[in-house]
2 protein chains.
Amino acid sequence: MPIYLRGLALLSQQGLGSVSSSKLADFVSVNPWQIRKDFSYFGGFGTRGVGYDIENLSKQIKKILKLDAVRNTALVGVGNLGLAVLAYPGFRTYGFCITAAFDNDPAKIGRTINNITIEDVSRLDTLGKYEVDLAIIAVPEQAAQQVADALVKAGIKGILNFSPRRIAVPKKVKVITIDIATDLARLPYYIPSS
Amino acid sequence: MPIYLRGLALLSQQGLGSVSSSKLADFVSVNPWQIRKDFSYFGGFGTRGVGYDIENLSKQIKKILKLDAVRNTALVGVGNLGLAVLAYPGFRTYGFCITAAFDNDPAKIGRTINNITIEDVSRLDTLGKYEVDLAIIAVPEQAAQQVADALVKAGIKGILNFSPRRIAVPKKVKVITIDIATDLARLPYYIPSS
DNA sequence: CTATGTGAATTTATTCACAGCA
DNA sequence: TGCTGTGAATAAATTCACATAG
């Protein structure tokens with residue numbers, strides 16, 4: 001579902017008002033009937049003979065994905081990956097706002113990047129004041145678990161984890177793990193050995 | 001499958017010689033029967049009553065995923081994300097080696113990071129000499145398509161794409177796209193609205 | 001006439017349960 | 001006895017085809 005949102009955002013930028021399942025389909029590389037099934041599962045947002053109203057559809061999907069309000073997000077680990085996260089413009093599409101950043105490097109603590117002042121990672125307990133419920137972990141894998149523990153204690157509800165280590169959390173906390181290397185590892189399988 | 005490899009690598013580091021499907025299972029958070037099905041699909045590598053020989057199993061999986069030889073990989077875009085990729089130790093597990101890096105920023109071209117000298121992105125056509133068939137795209141989304149075109153022309157067979165834009169390539173080229181924001185966007189759905 | 005929405009058919013994946021080998 | 005390997009059962013996802021609404 002999230003990829004539809006991005007597609008719709010692009011179509012909206014192009015000034016279009018409505019779109020058919022097949023047009024959206026080759027925009028996001030998914031079959032038209034797949035798209036229709038997905039939308040119909042949540043109730044059907046289109047008008048027959050015409051297509052889907054982009055603005056309205058976006059709004060509906062955002063509601064479904066609970067992206068209809070700004071989501072404050074904390075970043076832990078301001079290394080290269082963390083900096084990339086801070087600089088990444090793509091979060092805006094989904095209403096995410098990086099509100100706080102933490103690191104354990106004294107040289108970084110106190111510096112301000114993109115209007116965000118980096119705080120000491122030991123002060124993760126102060127997260128409550130930001131009204132954040134999401135966090136991004138971009139620390140070396142050895143530190144990932146203890147950061148996760150601190151985040152859970154601070155009341156975070158969802159974690160995007162960039163470390164390849166499996167992270168143990170209470171099951172009420174949702175974790176999505178992205179491991180760059182694991183994803184890259186899927187490529188060679190599809191490549192003919194020449 | 002790739003995640004099993006990482007789990008096995010960790011278990012191997014711990015000095016273990018063999019592992020049962022259920023032990024590996026809670027190591028990678030997958031059910032034991034799922035693991036057994038997956039392995040049996042490729043022929044079954046274990047011994048009954050004992051489990052799987054870690055060393056041998058790793059070797060077999062690497063062969064299946066075509067990770068049994070070093071895979072040279074090119075990096076395009078040496079911004080924060082690119083630097084994170086260069087510094088990331090996790091690629092070693094899978095036998096990946098970042099062999100070349102490209103950027104369009106004159107201030108970066110010529111600099112050497114991690115033994116890799118950054119080259120001008122316009123020289124992507126020289127890729128042939130590196131014997132690379134994989135590439136990582138870590139450039140702003142506006143530039144992603146033209147970089148992809150150049151990579152295809154240079155003979156790349158697989159691309160790991162960090163830009164959120166859909167990339168058009170000949171269908172013999174495999175693309176895996178990672179969009180950080182899209183992944184993050186999946187989290188709120190699972191979070192109770194309190 | 002166009003493009004959605006949806007039941008039915010098909011394919012694929014997951015889960016189970018247990019026979020069979022060390 | 002312990003753990004794999006696999007057929008059978010179940011569930012889920014995909015694909016199709018078409019009635020239906022604008």
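Chain letters run A, B, ... following the sequence lines, proteins first, then strands; residues in each count from 1. Values reported hereafter were calculated over all heavy atoms of this structure, with side chains retained and with hydrogens, waters and symmetry mates removed.
The other residues sharing a hydrophobic cluster with I156(B) are V76(B), F102(B), V121(B), L124(B), L127(B), Y130(B), V132(B), I137(B), V139(B), V147(B), L151(B), V152(B), I159(B), I167(B), V169(B), V173(B), V175(B), where clustering joins ILVMFWY side chains under 4.5 Å apart. Members clustered with V70(B): none, using a 4.5 Å side-chain heavy-atom cutoff among hydrophobic residues. Clustering of Ile, Leu, Val, Met, Phe, Trp and Tyr side chains at separations under 4.5 Å leaves I109(A) isolated, with no partner residue.
Using bins of under 30°, 30° to 60° and over 60° for the plane-to-plane angle, the ring pair F96(B)/Y94(B) lands in the tilted bin.
Rounded to an integer number of Å, the gap from OH of Y52(B) to C1' of dA22(C) is 14 Å. Atom-to-atom, CZ of F42(B) to P of dT6(D) comes out at 14 Å; the value is rounded to the nearest Å. One can place CD of Q34(A) at 16 Å from P of dA12(D), the figure rounded to the nearest angstrom. Counting to the nearest Å, the P atom of dT4(C) and the CD atom of Q60(A) are 16 Å from each other. Taking atom CG on D38(A) and atom C1' on dT4(C), their separation rounds to 14 Å, with Å as the unit.
Taking a cutoff of 4.0 Å between a charged side-chain nitrogen and a carboxylate oxygen, K23(B) and D26(B) do not qualify as a salt bridge.
Using a 4.0 Å heavy-atom cutoff across all strands shown, F45(A) reaches sugar-phosphate atoms only and no base atom. Counting any heavy atom pair closer than 4.0 Å across all strands shown, F39(B) reaches no nucleic acid atom.
For S163(A) against A144(A), the heavy-atom pair with the smallest separation is OG-CB, 3.3 Å.
The 12-atom threshold is not exceeded at NZ of K62(A), counting heavy atoms of other residues, nucleotides or ligands nearer than 6.0 Å.
Screening residues 1-37 of chain A for ring pair (Phe, Tyr, Trp, His ring centres under 6.0 Å) gives Y4(A)-F39(A) as the qualifying pairs, with residues at least two apart or on separate chains.
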Output one letter per nucleotide in nucleotides 16-22 of chain D: B when a protein non-hydrogen atom lies under 4.0 Å from the base, S when only the sugar-phosphate is that close, - when neither is. SB-BBBS
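The salt bridge (charged side-chain N to carboxylate O under 4.0 Å, His left out) test with D133(A) singles out one residue from K157(A), K172(A), R71(A), and that residue is R71(A).
Within residues 3-29 of chain A, no residue has any heavy atom closer than 4.0 Å to DNA chain D.
Distances shorter than 4.0 Å separate none of the side-chain N or O atoms of Y41(A) from OP1 or OP2 on dG7(C).
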